[in-house]
Visitor: 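Below: one structure in structure tokens.
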Amino acid sequence: MGKNTATILFIGDIVGKPGLQIVSHMLKGFKSKYSLDFVICNGENAHNGKGMSNEALHQLQEAGVDVITGGNHTWNNFNFFDTLKTHPAVLRPQNYPKGAYGKGYGIYQLPNGLGDIAVINLQGRTFMNPIDCPFRTADWVLKQLSDKVRFIFVDMHAEATAEKIALGWHLDGKVSALIGTHTHVQTADEQILPGGTAYCSDAGMTGPHKSVIGMQIKSATDRFLYQTPHKYECAEEDVHLSAILIQLDPATGKATGIERIIYPAFNRGVIV
């Protein structure tokens, strides 16, 4: 007999060794606590803060991650190109021009008789590279998936919240969940849209939060102060895991619950 709920965890942008280490340390316990059936993460910053590596891939898979999505930094590490071309668990945004290394969606088997899940990786265009349209690309992928899967998860890697929200409405009722990445700041707009699609504008950052979105504070502030380039170096302190927990109905593929996770919680003081 299959489960009556499919439980998916999506881990927000993993940044450098600190992000990899907290996933390795925490994910086994999360799997047990939430009875997870499938784990997806965005790993485009896992290699020293930019790009992916075979070492990071191995560490994430050892920790229990099933699929790793990407974004505009996916190609930063040239040594990862061969893996990007061939590894079934590694995705990059589908709407890059034809000929770009890698693939933008895949179909994966869930345990416990739940069937299959499709994972789609897309990237926005507002304030980012002028690549192919993520809306029309999503429509094209859904046609390829027609009648093949009931569960469909979308990672929308984008700068502008409006672009993510618009795509959420565009795909409402057509996908199980659409979660945004890229800004490294978790948003408090998690919800289930009227058509049954779980939505959140950004899953947040898994990595060092005593930083500027993962970067060492002085380098980041000097870039703004002097308007000149400064070396990107990954920060190390105050590490948190940011994720989105989603529950789906196996009969319909629609979302039945969504919850934001930040562990450990931030220090918010006490309001009296």
Side-chain angles (χ1 to χ4, degrees), residues 10-16 19 40-52 68-77 91-97 100 102 104-105 119-139 141 153-172 175 177-191 193 197-209 211-217 219-224 227-230 232 234-235 240 242-244 260 262:
F10 179 64
I11 302 172
D13 299 56
I14 295 171
V15 177
I40 309 163
C41 76
N42 186 289
E44 67 142 9
N45 298 120
H47 175 64
N48 297 328
K50 279 192 177 181
M52 264 293 294
I68 300 160
T69 55
N72 53 305
H73 293 306
T74 292
W75 294 269
N76 278 46
N77 180 14
L91 302 178
R92 52 81 168 167
Q94 174 67 32
N95 54 317
Y96 269 77
Y105 71 96
V119 180
I120 305 172
N121 196 181
L122 298 168
Q123 184 173 309
R125 298 187 292 183
T126 305
F127 311 124
M128 299 185 78
N129 293 336
I131 54 177
D132 298 340
C133 176
F135 292 77
R136 290 183 172 87
T137 299
D139 292 340
V141 175
F153 178 94
V154 179
D155 172 0
M156 175 56 164
H157 195 78
E159 191 79 47
T161 52
E163 191 173 17
K164 299 178 193 181
I165 293 168
L167 186 63
W169 286 110
H170 182 70
L171 297 180
D172 183 28
V175 302
L178 187 150
I179 307 299
T181 56
H182 180 65
T183 71
H184 293 201
V185 178
Q186 191 179 82
T187 55
D189 61 340
E190 75 279 12
Q191 61 188 290
L193 298 176
T197 295
Y199 176 85
C200 184
S201 292
D202 205 287
M205 180 183 76
T206 295
H209 282 256
S211 69
V212 177
I213 62 170
M215 184 179 180
Q216 288 188 3
I217 294 170
S219 297
T221 53
D222 282 352
R223 288 173 62 193
F224 291 103
Q227 292 299 298
T228 56
H230 290 264
Y232 185 101
C234 189
H240 297 256
S242 298
I244 304 292
R260 286 183 294 118
I262 296 181

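For the single chain, residues carry numbers from 1 onward in sequence order.
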Visitor: Applying salt bridge (Lys or Arg N to Asp or Glu O under 4.0 Å), can you list everything that pairs with Glu159, at least two apart in sequence or on another chain?
Guide: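 Testing Glu159 for salt bridge (Lys or Arg N to Asp or Glu O under 4.0 Å), a comparison that skips the adjacent residues, returns none.
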Visitor: Could you check Glu44 against His182 for side chain to side chain contact (heavy atoms under 4.5 Å, CB included), going step by step and ending with a plain yes or no?
Guide: CA-CA 9 Å; Glu44 67 142 9; His182 180 65; 4.2 Å; yes
Visitor: Main chain of Ala235, side chain of Gln216: is a donor-acceptor contact present, judged purely on distance under 3.5 Å?
Guide: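 A pair under 3.5 Å: no.
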Visitor: Would you find a donor on one side and an acceptor on the other, under 3.5 Å apart, between the side chain of Asp13 and the backbone of His184?
Guide: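 No: the side chain of Asp13 does not pair with the backbone of His184.
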Visitor: Mind telling me whether Trp75 and Tyr96 have parallel, tilted or perpendicular rings, with 30° and 60° as the class edges?
Guide: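 Ring orientation of Tyr96 relative to Trp75: tilted.
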Visitor: Would you call the rings of Phe153 and Phe10 parallel, tilted or perpendicular, where under 30° means parallel and over 60° means perpendicular?
Guide: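 Tilted: the ring planes of Phe153 and Phe10 meet at 30° to 60°.
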Visitor: Would you say the side-chain atoms of Thr206 pair up with the backbone N or O of Ser242, donor to acceptor, closer than 3.5 Å?
Guide: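 Judged by distance alone, yes, a pair lies under 3.5 Å.
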Visitor: Considering residues at least two apart in sequence or located in another chain, which fulfil the salt bridge (Lys or Arg N to Asp or Glu O under 4.0 Å) criterion with Asp222?
Guide: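 Partners of Asp222 by the salt bridge (Lys or Arg N to Asp or Glu O under 4.0 Å) criterion, ordered by chain and then number, come out as Lys218.
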Visitor: Look only at the side chain of Gln94 and the backbone of Gly104, and say whether a donor-acceptor pair between them is shorter than 3.5 Å.
Guide: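 A pair under 3.5 Å: yes.
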Visitor: What's the separation between atom CE in Met156 and atom CG in Leu178, rounded to the nearest 0.5 Å?
Guide: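 Answer rounded to 0.5 Å: 7.5 Å.
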Visitor: Rounded at 0.5 Å granularity, tell me how far OG in Ser201 sits from CD in Glu190.
Guide: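 Reported to 0.5 Å precision, the distance equals 10.0 Å.
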Visitor: Listed by chain and number, what are the salt bridge (Lys or Arg N to Asp or Glu O under 4.0 Å) partners of Arg125, not counting sequence neighbours?
Guide: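 None.
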Visitor: Any donor-acceptor pair under 3.5 Å linking the side chain of Asn42 with the backbone of Gly70?
Guide: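 A pair under 3.5 Å: yes.
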Visitor: State, yes or no, whether a side-chain contact exists between Thr228 and Arg223 at a heavy-atom distance under 4.5 Å.
Guide: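 No, side chains not in contact.
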Visitor: Taking Thr197 for the side chain and Val175 for the main chain, is one N or O donor matched with an acceptor at less than 3.5 Å?
Guide: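 Yes; at least one donor-acceptor contact below 3.5 Å.
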Visitor: Give a yes or no on whether the backbone of Thr126 and the side-chain of Glu163 come within a donor-acceptor separation of less than 3.5 Å.
Guide: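 Yes, because the side chain of Glu163 sits within donor-acceptor range (under 3.5 Å) of the backbone of Thr126.
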Visitor: For residues Thr69 and Asp155, is any side-chain donor paired with an opposing acceptor at under 3.5 Å?
Guide: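 A donor-acceptor contact under 3.5 Å links the two side chains.
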Visitor: Do side-chain atoms of Lys164 reach the backbone of Thr181 as a donor and acceptor pair under 3.5 angstrom?
Guide: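 Checked: pair present.
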Visitor: Once rounded to the nearest 0.5 Å, what's the spacing between atom CD1 of Ile165 and atom CG of Leu193?
Guide: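 If we round to the nearest 0.5 Å, Ile165:CD1 and Leu193:CG are 10.0 Å apart.
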Visitor: Verify, without hydrogens or angle tests, whether His157 (side chain) and Gly71 (backbone) share a donor-acceptor contact under 3.5 angstrom.
Guide: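 No; zero donor-acceptor contacts below 3.5 Å.
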Visitor: Using atom types as modelled and distance alone, determine if a side-chain donor or acceptor of Asn77 lies under 3.5 Å from a backbone N or O of Met52.
Guide: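 Judged by distance alone, yes, a pair lies under 3.5 Å.
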Visitor: In Å, rounded to the nearest 0.5 Å, how long is the span from CD of Gln123 to CZ of Arg92?
Guide: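 Gln123 atom CD to Arg92 atom CZ measures 10.5 Å (nearest 0.5 Å).
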Visitor: Let's go through Thr183 and Asp202 carefully: what are the C-alpha distance in whole Å and the side-chain angles of both, what is the deciding distance for side chain to side chain donor-acceptor pair (under 3.5 Å) to 0.1 Å, and is it a yes or a no?
Guide: CA-CA 7 Å; Thr183 71; Asp202 205 287; 2.9 Å; yes
